[in-house]
Each structure stands twice: as structure tokens, then as C-alpha cells.
Amino acid sequence: MSVVVFPFRTEDHQVAIDNITTAAGHHRVDNVVCVGFEREATYEAIDRAIPNIESSTGTEVSLILQERIGSLRPGKGDGMNTALRFFLQRSDSDRIHFYDTDITSFTAEWIDKAEAAADGGYDVVRHYFPRSSTDAMITWMITRTGFAIMSPESELPLIEQPLGGELLFTRRAVERLVADERVRAQSDWGIDTLYTFATVHYGFSVAETYIPRGKIHKMYGSLTDLQTMLVECFAAIQSLRGLSMPTGTRHDVERPAGVPPGVKQTVAYDVEETIQLLAADWTPGQESLLALFPPAVRDGMLESRIYPRFSYMDDRAWFETYAVLLDHFRKNDPDWEALLFKLWIARVLQYTISDALRGYDHALAHLQEMIDRYRMLAR
Ligand code: DGY
């Protein structure tokens with residue numbers, strides 16, 4: 001049997017309750033565990049709904065608060081690690097699933113597919129799904145790029161959605177994750193990166209299953225919404241430099257079948273507002289850090305203080321920029337954090353205008369080829 005976990009903060013109550021009910025009604029699930037960040041309105045609403053869900057499904061639903069386990073900002077990582085601990089200490093089920101609580105397209109099929117893949121003997125199952133060509137910009141430009149540069153020969157850069165929060169671990173995998181100090185410490189947005197890394201580092205087999213309907217959830221305004229996530233995901237990658245990674249681990253990916261028109265047509269962020277961020281809030285500290293970067297990047301960024309520019313930040317320039325960031329970036333240094341954000345904005349805008357504008361199929365093929373090229377350049 002399996003445990004299903006929903007980590008949450010402040011969510012649409014009905015979406016959360018519907019998803020918990022769907023999971024509790026699944027014949028493979030014997031416990032749904034809801035892990036709240038704090039005792040607020042969503043927590044109270046779930047608490048009130050539990051008796052009904054339990055009596056209608058016959059499945060136990062547990063509501064807990066996340067513990068302080070890690071050493072970075074207390075965030076999603078503490079929530080997920082609290083659930084892993086709960087699973088080892090309080091449950092004797094074989095498998096644990098995680099799903100984001102805000103998915104409005106969640107159905108029993110997500111659980112079916114993960115269970116079927118685990119029945120095939122995989123230690124870890126990851127769901128992936130179609131995303132808009134302008135969404136997943138941390139995934140492509142930070143995480144997959146970073147894995148391609150740092151570990152080109154392993155399976156790491158080939159994981160479709162390394163930041164995905166929809167996954168299944170077997171008990172064997174959870175035991176390793178809980179015992180790993182780096183994973184425990186990662187209390188922030190970097191947790192997905194660490195789980196993905198640890199999966200490959202310990203040589204666990206991975207299946208990736210495709211959910212064609214996609215994950216329908218909230219989109220962003222300007223990319224400012226993503227700044228904290230960006231910094232934490234990059235710092236997580238940077239912390240993994242130099243760690244050994246086995247090659248040839250079992251990794252199978254279900255072929256993607258169809259992309260809904262809604263996903264193909266979505267523009268995931270506000271381009272106009274984002275362009276203006278390139279010219280905003282420059283400091284002398286940020287300007288002097290630019291001396292570390294290739295001349296075209298340095299000059300383009302300096303010009304952006306007056307008039308936003310980004311055409312120089314093509315695939316090759318981003319590869320070189322990323323290498324400098326890996327060597328020099330310092331988390332918690334406000335100038336470095338602001339500069340990382342602006343460099344990434346320049347990269348995302350360049351890709352949006354040069355590639356995403358040509359249509360979904362071109363854009364996705366381009367991103368895929370970019371990762372392949374980075375793997376070759378890094379070898
Ligand atoms: C990503 O890049 O995957 C983040 O979820 C932001 O879209």
C-alpha cells in the first residue's frame with residue numbers, strides 16, 4: 001500500500017480538499033498525509049473536512065505541521081522531509097507519493113500511473129507533463145543546464161522535470177534520502193534539486209511517466225515572483241559541484257503523447273513587466289561583478305541599465321555565464337542575488353523572443369537541443 005502526501009501553504013481550500021479526497025479514495029492508498037507550513041485558514045479548512053473524507057473513503061487522513069529539519073530558509077524542503085520522516089516512523093506502507101496541493105487537474109490516474117511504474121520495479125517514479133514554452137524557465141535555464149554542465153555523462157541532465165513535485169519513492173529510496181545530510185539540510189526550494197540529485201547519486205532506477213493533460217495551476221506575473229526560487233535552485237545546484245555521479249543507471253521515460261492546445265498557447269509570464277526589470281535597481285556592487293563575465297555579456301548588461309537589452313544572451317553566452325556563476329556566485333549577497341536574477345531574465349527574454357516566438361514545437365525542440373549541446377560542450 002501507499003501513502004500520498006500533499007505539502008501545502010495557503011491554497012484554494014476546495015482544490016486542496018478535492019485532491020485529498022481523490023487520493024484517499026484510491027484503492028492503493030492507506031494514508032493521506034497533509035503537511036502544512038503553519039496553522040492558517042487552509043489548515044483549518046482541511047482539518048474540518050477530514051472526518052467527512054475519512055468516513056466517505058475509509059482511508060486515514062493525517063494533518064501535520066512541518067518540522068524544522070533543515071538549515072536553510074524553512075520552506076518546501078522541510079515540508080517534504082517531514083513527510084519522509086513521518087513515513088518511516090509512522091507507516092509501514094511500501095511507497096510514498098507527493099503531489100502539489102494546487103493542481104486543479106489532479107485525478108486518480110496520477111496515482112495509477114505511478115503505482116503501475118513502481119510495480120515494474122523502479123525505485124523512483126517521476127511524473128512529467130507538457131508545460132508552456134515560456135514556463136519552466138528555472139527548470140531549463142538553471143537546473144537542466146546545471147546538471148548538463150556538471151554531470152554531462154550521468155542521467156541527471158536527462159531527467160525531464162527535475163524540479164517536479166509529483167513523484168513516488170519506494171521505502172528503500174526514502175531510507176537513503178532521510179539518511180543523507182545534504183537532503184535533510186535543504187529546507188527551501190532546493191529540495192527538488194536535491195531529491196533528483198540523490199536519486200541518481202545513489203543509483204536508484206527512475207521511471208518518468210507522462211501526464212498528457214498537464215498540471216493546471218497558477219501562472220506568474222512578472223518573473224519577480226520566481227526570484228527566491230531561482231536563487232535557491234541555483235544555490236542548490238552549486239552546492240553539488242564535484243560530487244560523483246554513477247553512469248548507466250536504469251532510467252526510462254514514457255514517450256510524450258500529445259500536448260493540449262491550452263498549454264501550447266499559454267504565455268507563462270508577463271513579458272512587458274519583465275523587460276523593465278533589466279533596467280531596475282542596479283548598484284555599483286552589481287556593476288563591478290560584471291567584470292567577471294564574458295565581454296559581450298558584461299557590455300550588454302551595462303547597457304541594460306539605460307535601455308533593456310538581451311539579444312547577446314544566446315545559448316553559448318548563457319553556457320559561459322553559467323560557468324562564471326558556478327565559480328563565483330554567493331548566496332545571501334544581495335548584489336550577487338540581484339545580478340543572477342537579471343542575467344537569468346536576460347536569458348529568458350532572449351529565448352522568448354528568438355525561439356518561443358516561433359511556436360511551441362520549435363521552442364521545445366530548441367530547449368532539448370540546448371541541453372544536448374551543453375552536455376557535449378561540458379564533456
Ligand atoms: C520551473 O522552472 O520549473 C519553475 O516551476 C518555474 O516555472
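- A donor-acceptor contact shorter than 3.5 Å is absent between the side chain of Trp344 and the backbone of Leu230.
- Residue Ile20 holds its CD1 atom at 12.5 Å from OG1 of Thr59, rounded to the nearest 0.5 Å.
- Applying the side chain to side chain contact (heavy atoms under 4.5 Å, CB included) test to Val15 and every residue at least two apart in sequence or in another chain returns Asp12, Asn19, Thr104.
- Counting only N and O atoms by type, the side chains of Arg126 and Thr196 include a donor and acceptor under 3.5 Å apart.
- A salt bridge does not link Arg250 with Glu155: every distance from a Lys NZ or Arg NE/NH1/NH2 to an Asp or Glu carboxylate oxygen is 4.0 Å or more.
- Between the side chain of Asp94 and the backbone N or O of Thr170 there is no donor-acceptor pair closer than 3.5 Å.
- Between the side chain of Asp78 and the main chain of Gly70, a donor-acceptor pair closer than 3.5 Å is present.
- Lys331 and Gln238 are not linked by any side-chain donor-acceptor pair at a separation below 3.5 angstrom, with hydrogens and angles left out of the test.
- Side-chain heavy atoms closer than 4.5 Å link hydrophobic residues (I, L, V, M, F, W, Y) into clusters, and following such links, even through other members, never connects Ile103 to Leu168.
- When hydrophobic clusters are built by joining Ile, Leu, Val, Met, Phe, Trp and Tyr residues whose side-chain heavy atoms come closer than 4.5 Å, directly or via intermediates, Val348 is grouped together with Leu325.
- Using a cut-off of 4.0 Å between Lys/Arg side-chain N and Asp/Glu carboxylate O, Arg9 and Asp102 are scored as not salt-bridged.
- Trp336 and Leu292 get closest at one heavy-atom pair: CZ2-CD1, 3.7 Å.
- Here the side chain of Arg144 pairs a donor or acceptor atom with the backbone of Pro157 at under 3.5 angstrom.
- Checking Ser91 against Asn31 by side-chain atom types alone, no donor-acceptor pair falls below 3.5 Å.
- No single ILVMFWY cluster, assembled from side-chain heavy atoms under 4.5 Å apart, contains both Leu177 and Ile69.
- At a cut-off of 3.5 Å, with distance as the only test, no side-chain donor of Gln350 or Ser311 sits close to an acceptor on the other residue.
- Checking Asp314, Asp355, Asp315 one by one against Arg347, the salt bridge (Lys or Arg N to Asp or Glu O under 4.0 Å) holds for a single residue, Asp315.
- Side-chain N/O atoms of His97 and Glu166 include no donor and acceptor closer than 3.5 Å.
- Applying the ring-ring contact (aromatic ring centres under 6.0 Å, His included) definition to pairs two or more places apart or across chains, those involving residues 155-204 are Phe169-Tyr195, Phe197-His201.
- The ring-ring contact (aromatic ring centres under 6.0 Å, His included) contacts involving residues 225-268 comprise Phe234-Tyr322, Phe234-Phe329, where partners must be two or more places apart or lie in separate chains.
- For Gln161 and Thr139, the side-chain atoms include no donor-acceptor pair closer than 3.5 Å.
- Heavy-atom minimum distance, Asp192 versus Gly165: OD1-CA, 4.3 Å.
- Side chain to side chain, Thr42 and Glu44 fail the donor-acceptor criterion of an N or O pair below 3.5 Å.
- With Met313 as reference, Leu343 is the one residue of Leu349, Ile345, Leu343 to meet the side-chain contact (heavy atoms from CB on, under 4.5 Å) rule.
- A donor-acceptor pair shorter than 3.5 Å cannot be found between the side chains of Asn52 and Glu54.
- For the residue pair Ser187/Arg68, the side-chain donor-acceptor check at 3.5 Å is satisfied.
- Applying the ring-ring contact (aromatic ring centres under 6.0 Å, His included) rule to pairs touching residues 5-62 yields Phe6-Phe106, sequence neighbours excluded.
- Judged by distance alone, the side chain of Ser55 and the main-chain N or O of Pro51 form a donor-acceptor pair under 3.5 Å.
- Pairing each heavy atom of Ala356 with each of Thr134, the nearest pair is CB-CG2, 3.9 Å.
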Name the atoms and distances for all side-chain donor-acceptor pairs under 3.5 Å in residues 294-302, with sequence neighbours left out.
none

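- Residues meeting the ring-ring contact (aromatic ring centres under 6.0 Å, His included) test with Tyr128, sequence neighbours left out: Tyr210.
- Of all heavy-atom pairs spanning Val3 and Val33, the tightest one is CG1-CG2, 3.7 Å.
- Although no hydrogens or angles enter the test, the distance criterion places a donor-acceptor pair under 3.5 Å between the side chain of Ser304 and the main chain of Arg309.
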